[in-house]
Amino acid sequence: MTISIQPIDPVSRPFFAGEVSGIDITRPITREEATSIAQGMDQFGVLVFHDQRLTDEAQMEFSRNFGELEVATTHTVRDAAKTRLGVHINDISNLDNDSNVLARDDRRRLFSLGTRLWHSDSSFKEVPAKYSLLSARIIPSKGGETEFADMRAAFDALDDDLKAECETLVCEHSQLFSREQIGFSNFTDDERRRFAPARQRLVRRHPSSGRRSLFLASHAGTIVGWPMPEARMFLRDLVEHATQRKFVYAHTWRQFDLVIWDNQATMHRGRRYDASEARDMHRTTVAGLRSTMAEAA
Ligand SMILES: [Fe+2]
């Protein structure tokens with residue numbers, strides 16, 4: 001087998017989402033294959049692999065080709081001592097620890113609805129995520145797509161004055177800010193401490209491709225030095241700009257798809273599905289190397 005990466009939409013978005021074929025990632029891959037995938041990620045930003053029946057162990061092993069894994073359990077309202085999955089697997093499901101579908105008003109489900117807002121994974125951590133790798137184990141009969149927006153194209157499309165202004169700005173990111181937007185606010189004191197904001201540059205330069213992008217997320221709730229309402233409106237306008245359909249790829253899941261996205265260059269959001277149906281997605285997250293504040297301007 002020879003690895004091949006082809007644009008999913010070669011006409012309107014030729015360098016955003018790619019489909020990878022000619023590789024079985026459920027087994028150890030070669031260094032050359034890992035390099036091809038990393039180069040594909042720099043070029044595209046989102047890569048789709050079909051028919052990969054990954055176990056959690058195999059998913060972790062594959063993910064470690066691209067860096068250290070984030071620990072998954074400290075930034076959610078799920079009880080870290082009683083998680084369904086291991087500490088390096090983010091539980092992107094609507095299931096409880098016995099794999100039953102959560103009740104519609106379950107607090108864990110309501111918190112997780114925040115992932116339906118546009119965001120970049122772990123932007124609320126001082127060192128935000130590099131890649132996320134999401135494996136579809138059980139999918140609902142319809143809905144539940146994941147949409148991706150290209151933050152490099154969004155930056156490139158700003159006029160020069162706005163680019164210059166954005167380049168000077170630093171935002172504060174917290175899950176308190178994103179959940180507030182959907183009316184989820186009954187946090188415990190412990191959660192408020194754990195969800196303390198992290199500062200991130202609004203414009204990033206990609207560590208390997210060198211391309212600049214807008215680092216936006218629903219977690220961004222303030223701009224340092226700005227009045228709050230002005231900051232919120234400015235960020236809202238930027239998100240509206242950055243998520244125009246011309247910058248977006250919508251992924252319709254097949255069971256056993258694995259999708260990798262680069263959180264340094266994209267935003268994403270989950271879409272609605274029937275709350276009574278099971279959806280079980282397992283995410284590994286490759287940690288970034290440094291805070292955006294320490295990245296070259
Ligand atoms: Fe996410």
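When a ligand or atom number is given, it counts from 1 through the structure's own listing order. Computation of the quantities below employed the complete heavy-atom set of this structure, encompassing side-chain atoms and omitting hydrogens, waters and symmetry-equivalent molecules.
Within the cation-pi definition used here (under 6.0 Å to the ring centroid, within 45° of the axis), Lys142 does not qualify as a partner of Tyr273.
In terms of distance to the Fe ion (ligand 1), the nearest N, O or S atom of His268 is named NE2. In terms of distance to the Fe ion (ligand 1), the nearest N, O or S atom of His119 is named NE2. Considering just the N/O/S atoms of Asp121, the one nearest the Fe ion (ligand 1) carries the name OD1.
Put simply, the residue from Asp280, Asn97, Asp98 that forms a side chain to side chain donor-acceptor pair (under 3.5 Å) with Arg84 is Asp280.
Relative ring orientation between Phe187 and Phe111 is described as perpendicular, the plane-to-plane angle rising above 60° on a 0-90° scale split at 30° and 60°.
Salt-bridge annotation for Arg137 and Asp257: absent, with no side-chain N of the basic residue lying under 4.0 Å from a carboxylate O of the acidic one.
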